[in-house]
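Since the structure comes first, as structure tokens, the remarks are kept for the end.
All chains are named by letter (A, B, ...) in the order of the sequence lines, taking the proteins before the strands, and each is independently numbered beginning at 1. Keep in mind it's a predicted model, so treat the numbers as computed, not measured.
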Amino acid sequence: MSAAIELEDVRKRFVVRAKRGRLRRERRVVDAVAGITLAVEEGELLGYLGPNGAGKSTTIKMLTGILVPTSGRVRVARLDPARRRIELTRRIGVVFGQRVQLWWDLPLRDSFDLLRHVYRVPDQRYRENLERFSALLDLEPFLETPVRQLSLGQRVRGELTAALLHDPEVVFLDEPTIGLDVVAKQRVREFLVELNRERGVTVVLTTHDLGDIERLCSRLVVIDHGRVIWDGAIEELKRLYGRERTLVVDLEEPEPPLEVPGGRVVRVEGPRQWLRFRGDEVSAAHLTAAVAARTRLVDLAIEETDIEEIVRRIYRGGADA
Amino acid sequence: MADALAVYARLISAQVRSQLQYRVSFALDLAGTFLISFLDFIAVLIIFDNVPELDGWTLHEVAFLYASTCVSFAVVDVVIGHLDLFPRMIREGTFDLILVRPRGTLFQVIASDFAMRKLGKVLQGVIVFVFALGGLEVDWTAGRAAMTLVMVLAGAAIFAAVWVAGATIAFWTVDGGEFTNAFTYGGNFMTQYPISIYGEWVRRFLAYLIPMAFVCYFPSLYILDKPDPLGLPRALQFASPVVAVAAAVVAGVIWRSAVRRYRSVGS
Amino acid sequence: MRLHWEIARRGYRRFAAYPAATFAGIWTNTIFGFLQAYILLGLYENRTDIGGYDATDTVTYVWFAQALLMTVYAFGWVELALRIRSGDVATDLARPLDPLWYWLAFDLGRALYHLVFRGIPPFLIGMIVFDLELPESPATWLWVAVSVTLAVVVSLAFRFLYNLAAFWLLDYRGVVAIAITISLLFSGFVIPLPFFPSWLETIARALPFAAMVQIPVDVFLEQAEGVDLAGALLLQVAWAVVLLGLARTVLAAALRRVVIQGG
């Protein structure tokens, strides 16, 4: 079984000329991607994560042929994106969250029809695909509506279909659920799961949405500063970091860090203390009760660990896991 | 090749359909572009109200030049004039979407629009052509008639090449789009008059290096049977198709290397 | 007053922020300046005087007119129309700031930037290559400054007016095209008005557009002196007042319509 995606010590270096003062230009070298090695098997549903500026979109651009790597080996669907761009585009599908690839003034169906000709999809196959996606994503009600009149959720469903009509082997989705309401997100996620199951399409999902990650991805790759800092199963990650929550308590007066079973004080500011605990080990209610038993509580709040925090902690090597 | 043309036809027919949807506003647009382009011919008329000849060219002869370059230019404007907006494609990241589709980049950029309303300019050029022919005494041999057609086509090709080459500046600086106008619109303006009136350096740069002199001046010397005040070799009068092909090749090379650079350096 | 000074600065800075665009613009103006200069010089092959201008006057005219082109923004300004179309104008109107004075202040700031950075460089280049005629008397420079300022005001008022068409027409592009065509021709930018056949020149002089290019150039060339100079400047003032008044009236009518229709 060959890998759908292969990256071997891939690097991308930019020379940035930033303005310093009125006229001078400073030359700065930025290693957006500083040596990434990665292999994605066919049929995997991969979550690709990292803080903003980590090098995510640069990697995706190199995988889709938009950008040429400074060094390293890239293979997507067995092709080198830098050299065989046009051939590659027939084997991949792309949805870039904020950028619309459909024709704005035309009915959705017309966009599909145009793409069919651009990609040279055989008649029969096109009809089958359209019918199948139409059913899965419930496109029928708005197939004749001009794209500019579609709601965001409808448009995203249209974009997904557009990216898949030509039976790509690998699909790159950049923040596909951003801005969608809960119901729409659910629908997109179900569709992606079904797509992956039914057709074995390899999916690379770039997202900030923890829900997407949890519900869709079996494997997660986290990058920061152009390097891979985590590559493993979701379960693993959840086990290590995902259940962490923080109980923020306001005491009546400043006290030394509380000692309660299951909770660990990570920060103290005057009468306020931050207690970190594992959601799967002790519930917030129990912890609160334990704190209340020891001292007088004025107020409390619960903070969830967001993906940025997880990534930050991964980067620090799990120092305070 | 045929497949590419078919896809092109499909892509622009979508554009054309949506443009023709609003009849009244389309008609107004058409009238608008007609009027604005006609302004240049009004200038020609006023000039000849003051003098009987411009460097040995009569009103109808200049009108012939004017009409030829206008038709060449306007047709190209309809098909690829939207290259003026190419900087926006780079800025908004739309060009990346083009890179993930299985067609040539230039092909897709050109196929992204077709400005029906600019046909007003073409119409203006045709009308001036009729006016010019009405006042000219040309010995219409088959050769001259053929040359007239070739002149307009080759002229269009040269404009297209200059436009494409000029558009690549967007890969370097997104705000410098207007730079190309000097060559495209400037070239059109320049060739409305015989290039012999321009100073030597302007001629060398804009008429020879950027081969605007071949858009209509040189071929017209043959068609109108005029002696060349610049005393240049007769062969140049037949060279426009060759120049057009060369210009197209150069433009293609420039575009390809610009895209290569974009894929290397990003935006 | 202080507020409008700030607005003018904003107008200036908006265009100062894109030096690449300015360079591209200087380049374009320079090329067109060369082309136009040679075309009109061609008229002097067998003549020494056309409409009271000799060859030097005419070449100076061409370069000064190129300098004025962006300064008076002759080629079509649709910013207000776009705001009307998009509805953004509603927020403008909600502010306690008169839109006409706002755009006037903004435009004056912009015009200063364009005059200095897009107008003067091509003129200097023209000066190097051609023999241009600069004003002899120092007082003339002052009058030129006054005249150019008035030209910007007249131009802004006119642009404001045709932008207001967006309140009534869904597709204002046709109206704008006609407005630009007429104003360009009769401003003397395309061809100096004294070159026009007399019947056309009469029409042109009766219109406000001459105040945008022809008059400032004549002041610069010292073609209008003494009483003529005063008359020319007063004519610009008169047109400025008339067009601003017209703009105000039409704006009021547009606002009434908006209020009645509920936005």
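Heavy atoms of A:P81 lying under 4.5 Å from chain B belong exclusively to its backbone. Using a 4.5 Å cut-off between heavy atoms, B:R260 makes no contact with chain A at all. Of the atoms belonging to B:V7, it is side-chain heavy atoms, and not backbone ones, that fall under 4.5 Å from chain A. Neither the backbone nor the side chain of B:Q21 has a heavy atom closer than 4.5 Å to any heavy atom of chain A. Looking at B:S13, there are no atoms closer than 4.5 Å to chain A (heavy atoms on both sides), in backbone or side chain. For a residue to count as touching a neighbouring chain, one of its non-hydrogen atoms must lie under 4.5 Å from one of that chain's; by this rule A:V100 touches chain B with the backbone only.
For B:R261, the CZ atom sits in a packed shell: over 12 heavy atoms of surrounding residues, nucleotides or ligands are nearer than 6.0 Å. Within a 6.0 Å radius of CZ in B:R256, other residues, nucleotides and ligands contribute 12 heavy atoms or fewer. Shown here is A:R227, whose CZ atom has no more than 12 heavy atoms of other residues, nucleotides or ligands within 6.0 Å. A:W104 CH2: more than 12 foreign heavy atoms inside a 6.0 Å radius. B:R88 CZ: 12 or fewer foreign heavy atoms inside a 6.0 Å radius. Heavy atoms from other residues, nucleotides or ligands lying under 6.0 Å from CD of A:E131 number 12 at most.
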As a quick check of understanding, evaluate salt bridge (Lys or Arg N to Asp or Glu O under 4.0 Å) for A:D110 and B:R10, giving each step before the final call.
CA-CA 10 Å; A:D110 288 10; B:R10 271 183 204 277; over 6 Å; no

Step by step, would you call A:I66 with B:R263 a side-chain contact (heavy atoms from CB on, under 4.5 Å)?
CA-CA 6 Å; A:I66 293 173; B:R263 291 176 73 200; 5.9 Å; no

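Sorted by first and then second residue, the side-chain hydrogen bond (donor to acceptor under 3.5 Å, both in side chains) pairs involving residues 106-120 of chain B (not counting sequence neighbours) are B:Q19-B:D113, B:D77-B:K118. Applying the side-chain hydrogen bond (donor to acceptor under 3.5 Å, both in side chains) definition to pairs two or more places apart or across chains, those involving residues 24-36 of chain B are B:S25-C:D171, B:D29-C:R173.
With rounding to the nearest 0.5 Å, the separation of OG in B:S264 from NZ in A:K12 is 4.5 Å. Taking OG1 of A:T89 as the start and CG of B:L99 as the end, the distance is 9.5 Å to the nearest 0.5 Å.
Between A:R99 and B:L97, the closest heavy-atom pair is CB-CD1, 4.0 Å.
Between A:K61 and B:D96 the shortest side-chain heavy-atom distance falls below 4.5 Å. Between B:T105 and A:R85, the closest side-chain pair of non-hydrogen atoms falls below 4.5 Å.
At a heavy-atom cut-off of under 4.5 Å, chain B is reached by A:D113, A:L114, A:L115, A:H117, A:V118, A:Y119, A:R120 from residues 113-120 of chain A, listed in order of number.
Contacts of A:W103 classified as ring pair (Phe, Tyr, Trp, His ring centres under 6.0 Å), with partners at least two apart in sequence or in another chain: none.
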